[in-house]
Amino acid sequence: MDGVTSIMHLPDDCLSFIFNCLDCSSDRESFGLTCYRWLNIQNLNRRSLQFPCSFCIVGPSSLSQNCIDISSFHLYRILTRFQHLEYLSLSGCIELPDSGLIYLKYYGSRLKTLCLDCCFGITDHGLSLVGNGCPSLTVISLYRCNITDTGLEALASSCLALRHVNLAYCPLISDSGLSALSQGCCQLGAIKISNCRGVSGVGLRGCSSYLVFVDAESCNLEPEGIMAIVSGGGLKFLNIAGLSWLKFRDGLAALGNGFAARLKILSLRMCRTVSDASIVAIAKGCPQLQEWNLALCHEVRFSGWASIGLNCHNLEKLHVNRCRNLCDQGLQALRDGCTRLSVLYMNQNRRVSDTAVELFKLHRGDVEIKIEEVMSIGPDWDSLKYDE
């Protein structure tokens, strides 16, 4: 035998294969402690990175966390070390300036997901740097960022493969920016624009049928904006909770005109003035509805509930919490219809008698009545599926 063969004689591609077969995270982290060569193998095979200050779930508790001051130099060191990243979360790096993103030009070509939630120092210039450096980007989250339509236009002109875009609580954007995204990113499948007060919805007019998820809670939507949102014909999830203006009393009837026929989950929570005419149109025009949140929809009366019972044959979950005009007859209509109903969320329905509730339970033992009030419904943002 000419010499002793050890694991150190294995080529890099074999070591990379071994590294990728390690299931335990502690083993993967320990791999690079062996020697500099193995550390380099570990670095080259890292695909995701999230800073300790990043928000896994953005909320009041995460916003109160102490954030690490990530500078442009820190990001440069990270990107030069991990050059094959596909997922990068900088969420919570509130002091990170636009200049820090310039290094994406050299090391961001493989990035598919970029999270910049609450990066208050990132502006339109930073988004243009993202667009230039990350042509393969499919997911971007810009929650509470100070960006405008100019930044969205730059992003849309470069990141043509974008599918998920989170713009929630971005107060400076308008329908112009949404139009740039929907027209430039033809595979756009999901967008969050909740609490974007400058958005009426018309920016999504002519959107692709790939668009299946729209969260537009508490936006200043117009009736024509609702039509624009469903214009692509592929929508499956729609959250327009919080529309309480009188102009929407009958304005939501447009959802039943055929463009929303594939809709499966609809939240009209706190749409206090939505009328029976709108409910009847939706019940007839959205036959695939599986979950419908009508909590605090005070103007829905017997004809609305009767239409749901008569037409919503695929409805599995219905939320009627604190609906002032749900009465015994309306509950009976739901009981006698909605054959696939499995969960009914109801509480503080003052016009519904205890007797009506007990009769419902007697006739529909297959339906679970829950007194809890669910604020948010729908699929998980990170695991959306487009082919169901």
Side-chain angles (χ1 to χ4, degrees), residues 57 59-61 194-195 215-219 237-246 248-249 252 255 263-283 286 288-380:
I57 300 178
S61 59
S194 56
N195 290 277
D215 184 346
E217 180 174 354
S218 299
C219 290
F237 170 88
L238 177 61
N239 178 11
I240 50 175
L243 297 178
S244 57
W245 299 277
L246 289 175
F248 278 102
R249 182 173 177 80
L252 295 182
L255 288 175
L263 200 62
K264 293 185 177 181
I265 301 174
L266 174 62
S267 178
L268 299 182
R269 184 177 182 275
M270 296 181 65
C271 294
R272 292 183 172 90
T273 61
V274 63
S275 68
D276 283 338
S278 291
I279 297 301
V280 170
I282 295 171
C286 304
Q288 295 189 40
L289 268 182
Q290 297 175 0
E291 184 169 7
W292 195 352
N293 193 337
L294 290 168
L296 291 153
C297 292
H298 298 316
E299 294 302 312
V300 182
R301 301 173 187 272
F302 173 73
S303 60
W305 302 120
S307 182
I308 293 173
L310 184 63
N311 297 290
C312 295
H313 304 298
N314 291 303
L315 196 63
E316 299 173 2
K317 297 179 181 180
L318 179 63
H319 306 249
V320 298
N321 311 78
R322 295 190 280 169
C323 290
R324 294 175 184 170
N325 284 302
L326 175 63
C327 59
D328 290 356
Q329 292 77 14
L331 187 62
Q332 181 180 347
L334 296 176
R335 181 194 79 193
D336 296 339
C338 300
T339 55
R340 293 191 179 182
L341 193 66
S342 60
V343 181
L344 179 64
Y345 295 89
M346 63 179 297
N347 68 323
Q348 299 185 43
N349 303 100
R350 297 177 181 177
R351 296 189 61 193
V352 176
S353 67
D354 292 340
T355 301
V357 174
E358 291 304 317
L359 284 173
F360 187 100
K361 293 178 179 178
L362 179 64
H363 287 272
R364 294 297 303 269
D366 57 326
V367 179
E368 180 182 6
I369 296 180
K370 294 186 176 183
I371 62 172
E372 64 185 277
E373 185 170 346
V374 180
M375 304 298 176
S376 178
I377 64 174
D380 181 68

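- Distance alone, capped at 3.5 Å, is enough to place a donor-acceptor pair between the R364 side chain and the R335 backbone.
- Summarising the geometry of G378 relative to F237, their closest heavy-atom pair is CA-CE1, 3.5 Å, with the distance given to 0.1 Å.
- In this structure, L359 and Q332 have side chains that are not in contact, with every pair of non-hydrogen atoms separated by 4.5 Å or more.
- Other residues, nucleotides and ligands contribute over 12 non-hydrogen atoms within 6.0 Å of the CG atom of D366.
- Nearest heavy atoms, I377 versus L266: CD1-O, 3.9 Å.
- Between C323 atom SG and R272 atom CZ the span is 11.0 Å, to the nearest 0.5 Å.
- Two residues are said to be in side-chain contact when any heavy atoms from C-beta on lie closer than 4.5 Å; L238 and I265 fail this criterion.
- Within the 4.5 Å cutoff, the side chain of Y345 has heavy atoms near those of the E372 side chain.
- No side-chain donor-acceptor contact under 3.5 Å links H319 and E373.
- A distance of 9.0 Å separates CG of N293 from SG of C271, quoted to the nearest 0.5 Å.
- For the atom pair CG (L344) and NZ (K317), the distance works out to 12.5 Å, reported to the nearest 0.5 Å.
- Side-chain atoms of D328 never come within 3.5 Å of backbone atoms of A356 as a donor-acceptor pair (strictly under, hydrogens ignored).
- A distance of 12.5 Å separates CZ in R301 from CD1 in I279, rounded to the nearest 0.5 Å.
- Looking at N325, its side chain does come within 3.5 Å of a backbone N or O of H298 through a donor-acceptor pair.
- In terms of heavy-atom proximity, I308 sits nearest to C338 at O-SG, 3.6 Å.
- In I371, the CD1 atom is not crowded: 12 or fewer heavy atoms of neighbouring residues, nucleotides or ligands sit closer than 6.0 Å.
- To the nearest 0.5 Å, atoms CG (N321) and CG (L294) are separated by 10.0 Å.
- Side-chain atoms of C286 and W292, non-hydrogen and from C-beta on, never get closer than 4.5 Å to each other.
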>> Using the rule given for side-chain hydrogen bond (donor to acceptor under 3.5 Å, both in side chains), can you reason through E217 versus N239, listing the C-alpha separation, both sets of side-chain angles and the distance that settles it, and then say yes or no?
In response: CA-CA 6 Å; E217 180 174 354; N239 178 11; 3.2 Å; yes
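- Side-chain contact between L331 and M346 is present, with at least one heavy-atom pair separated by less than 4.5 Å.
- A pairwise comparison of heavy atoms in F302 and G330 identifies CD1-N, 3.8 Å as the closest pair.
- The backbone N or O of E316 sits less than 3.5 Å from a side-chain atom of S342, completing a donor-acceptor pair.
- Counting all heavy atoms, side chain and backbone alike, N314 lies closest to R340 at OD1-NH1, 2.9 Å.
- Summarising the geometry of A333 relative to A306, their closest heavy-atom pair is CB-CA, 3.7 Å, with the distance given to 0.1 Å.
- For the side chain to side chain contact (heavy atoms under 4.5 Å, CB included) test with I240, the passing option among D215, V274, L268 is L268; the others fail.
- Taken from CG in N349 to CZ in R324, the straight-line distance is 11.5 Å, to the nearest 0.5 Å.
- When side chains are defined from C-beta on, R269 counts as touching R322, because their heavy atoms get closer than 4.5 Å.
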